[in-house]
Amino acid sequence: MFALADCNNFYASCERVFRPDLNGKPIVVLSNNDGCVIARSNEAKAVGIPMGAPAFKFEKIFDKFKVNVFSANFALYGDISHRVMDILSSYSPEIEIYSIDECFIKLNGFQNFDLVNYANEMKSKVMKWTGIPISIGISPTKALSKVANRIAKKFPEKTNGVYIIDNDEKRIKALKWLKIEDVWGVGRQYSKQLSAIGVKTAFDFVQLNDQFVKRKMSIVGLRLKHDLQGIPTLDFEDIQPKQNIAVTRSFEKNYTEFEQLKERISTFAVSCSEKLRKQNSCCNALMVFIQANPFRKDLPQYGRSIFVKLPFPTNSGIEMSKFATQALKQIFKNGFAYKRAGVIIQNFTPANNSQQNLFENSDKRHAPLMQAVDKLNAVFGQQKIRLASQDTKRVWKMRQEKLSPCYTTKLKDIITVKV
DNA sequence: TCTGGGGTCCTAGGACCC
DNA sequence: TCTGGGGTCCTAGGACCC
């Protein structure tokens with residue numbers, strides 16, 4: 001059996017942990033730059049705030065319903081996530097952390113356990129130790145435990161946040177209840193195509209012919225179908241080193257000058273290099289993109305990306321910044337207001353075993369230098385040591401007007417309790 | 001005025017190899 | 001009239017996830 005544990009309204013719940021006064025009140029969490037809504041408490045959902053709502057369009061609604069608005073505080077969410085996962089991993093030797101707020105727990109060899117009881121134990125311990133409410137779905141396959149989890153979330157009174165699908169009767173009932181667009185692995189496009197041919201529920205979907213599903217949705221769709229039929233098809237994924245690393249941002253203001261973009265791109269490349277060194281890889285290619293604001297129909301539109309093959313594998317921030325800046329030069333055009341940009345690195349090889357170039361190679365002195373930079377930054381704070389091409393005057397900032405304290409990761413933000 | 005950021009996998013088609 | 005068979009690698013595009 002698989003259990004899927006998923007935190008309820010995770011980011012909103014994190015904000016509540018240290019603000020019990022907000023229990024029962026509507027909360028939303030905004031994306032970077034306070035752009036759009038990326039998490040909502042149940043109360044915020046109830047007043048009709050949709051996922052992805054642009055904050056500026058919903059200010060009146062926020063005021064009207066006294067919604068508590070937060071800027072995203074990923075340091076806080078990441079730390080709480082670790083704590084939750086730590087607790088859950090004590091319940092089985094095999095867990096797969098699927099995202100920041102959910103994990104699959106394999107329950108092999110638990111035949112003699114009352115699994116619903118067991119899940120309830122997990123749930124209360126996570127609540128007691130972290131303050132985060134979770135829901136748990138249990139079933140013989142991953143896809144069905146997603147379904148069970150949804151039921152647990154949707155009917156908290158009936159299920160107490162734990163639901164098990166352990167026979168065909170329950171499975172069929174659940175599939176008939178689940179709308180096709182809510183099935184894990186069926187997104188916007190597929191649900192449009194499927195409902196056009198009369199497939200409205202997960203149950204309709206599993207009635208389709210295998211060949212048809214494979215033709216329409218590739219092998220991925222077929223696996224999903226089997227999993228929903230109760231035939232275990234999806235298993236844990238091995239933890240692989242990343243194949244892509246991206247650092248991309250929208251800007252608070254539009255940028256028109258090359259120099260401004262150059263600073264951003266250099267900083268993004270340096271961040272990429274830090275992440276790359278963490279997984280002990282070098283990259284062999286890099287992509288840079290810049291884009292005007294696509295929502296501003298009144299402004300001239302331009303967006304381009306460029307893919308560069310590097311002459312040698314590297315994870316030096318100095319070199320990556322240099323290559324990224326050169327790439328930017330090739331795509332930058334004057335006369336546009338740029339709103340987004342990013343650096344994406346690819347084609348990784350292990351850092352300790354990379355193919356050298358006969359004529360040109362990464363500067364050998366960079367490796368110890370980067371090591372020293374990483375160490376200093378680890379002690380004194382992110383990006384304390386930078387390249388001169390980066391924002392040395394700390395001009396650049398993100399809009400984060402409603403940022404909560406980093407209660408669990410910054411000493412100065414630790415709460416004071418008056419007894 | 002203001003609309004996020006980070007990933008994955010699969011397929012088809014083209015270029016190339018012997 | 002008829003023009004092989006078996007591969008790999010790369011890229012672009014399309015779908016999906018949180």
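So you know, we letter chains A, B, ... as the sequences are listed, proteins then strands, and number each from 1. Being a predicted model, the structure only gives us computed values, none of them experimental.
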* Asked: Just by distance, with hydrogens left out, do A:Thr233 and A:His226 show a side-chain donor and acceptor under 3.5 Å apart?
  -> no
* Asked: Side-chain donor-acceptor pair under 3.5 Å between A:Asn160 and A:Asn120, yes or no?
  ->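 Checked: A:Asn160/A:Asn120 side chains pair up, N/O donor to acceptor below 3.5 Å.
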Any residue meeting side chain to side chain donor-acceptor pair (under 3.5 Å) with [X], in chain and number order, not counting sequence neighbours:
X	answer
A:Ser250	none
A:Asn32	none
A:Thr267	A:Glu263, A:Gln390

* A:Glu96 CD to C:dC18 P: how many Å, rounded? -> 13 Å
With [X] via side chain to side chain contact (heavy atoms under 4.5 Å, CB included) - residues at least two apart:
X	result
A:Glu181	A:Lys179, A:Ser191
A:Lys173	none
A:Thr130	A:Arg83, A:Val84, A:Ile87, A:Val126, A:Ile132

* Letter per nucleotide, 5' to 3', of nucleotides 12-17 of chain B [B base touched, S only sugar-phosphate touched, - untouched; heavy atoms, 4.0 Å] -> ------
* Per-nucleotide protein contact string for nucleotides 2-11 of chain B, where B marks a base within reach and S marks sugar-phosphate only (heavy atoms under 4.0 Å, - for neither) -> BBSSSSSSSS
* To do: Report the stems of DNA chain B as range-with-range entries sorted by first number; a stem here is at least three consecutive pairs, Watson-Crick or G-U wobble, both distances under 3.5 Å, and write none if there are none.
  =>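 So far as stems of 3 or more pairs are concerned, DNA chain B shows B:5-18 with C:5-18.
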* To do: List in numerical order all residues of residues 181-189 of chain A for which some heavy atom is under 4.0 Å away from an atom belonging to DNA chain C.
  =>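 Close to the strand are A:Val183, A:Trp184, A:Gly185, A:Val186, A:Gly187, A:Arg188, A:Gln189.
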* Heavy atoms under 4.0 Å, any strand shown: does A:Lys146 hit a base, just sugar-phosphate, or nothing? ->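 Contact class for A:Lys146: sugar-phosphate only.
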* Does A:Phe155 have A:Lys158 sitting over its ring (NZ/CZ under 6.0 Å from centre, angle to axis within 45°)? -> yes
* Asked: Which pairs with one or both residues in residues 34-54 of chain A pass salt bridge (charged side-chain N to carboxylate O under 4.0 Å, His left out), sequence neighbours excluded?
  -> A:Arg16-A:Glu43
* To do: Just grab all the side chain to side chain donor-acceptor pair (under 3.5 Å) pairs involving residues 50-67 of chain A, residues at least two apart or on different chains.
  => none
* Close aromatic pair by centroid cut-off 6.0 Å: A:Phe74 and A:Tyr11 -> yes
* Identify which one of A:Thr159, A:Asn42, A:Asp6 satisfies the side chain to side chain donor-acceptor pair (under 3.5 Å) criterion when paired with A:Lys153. => A:Asp6
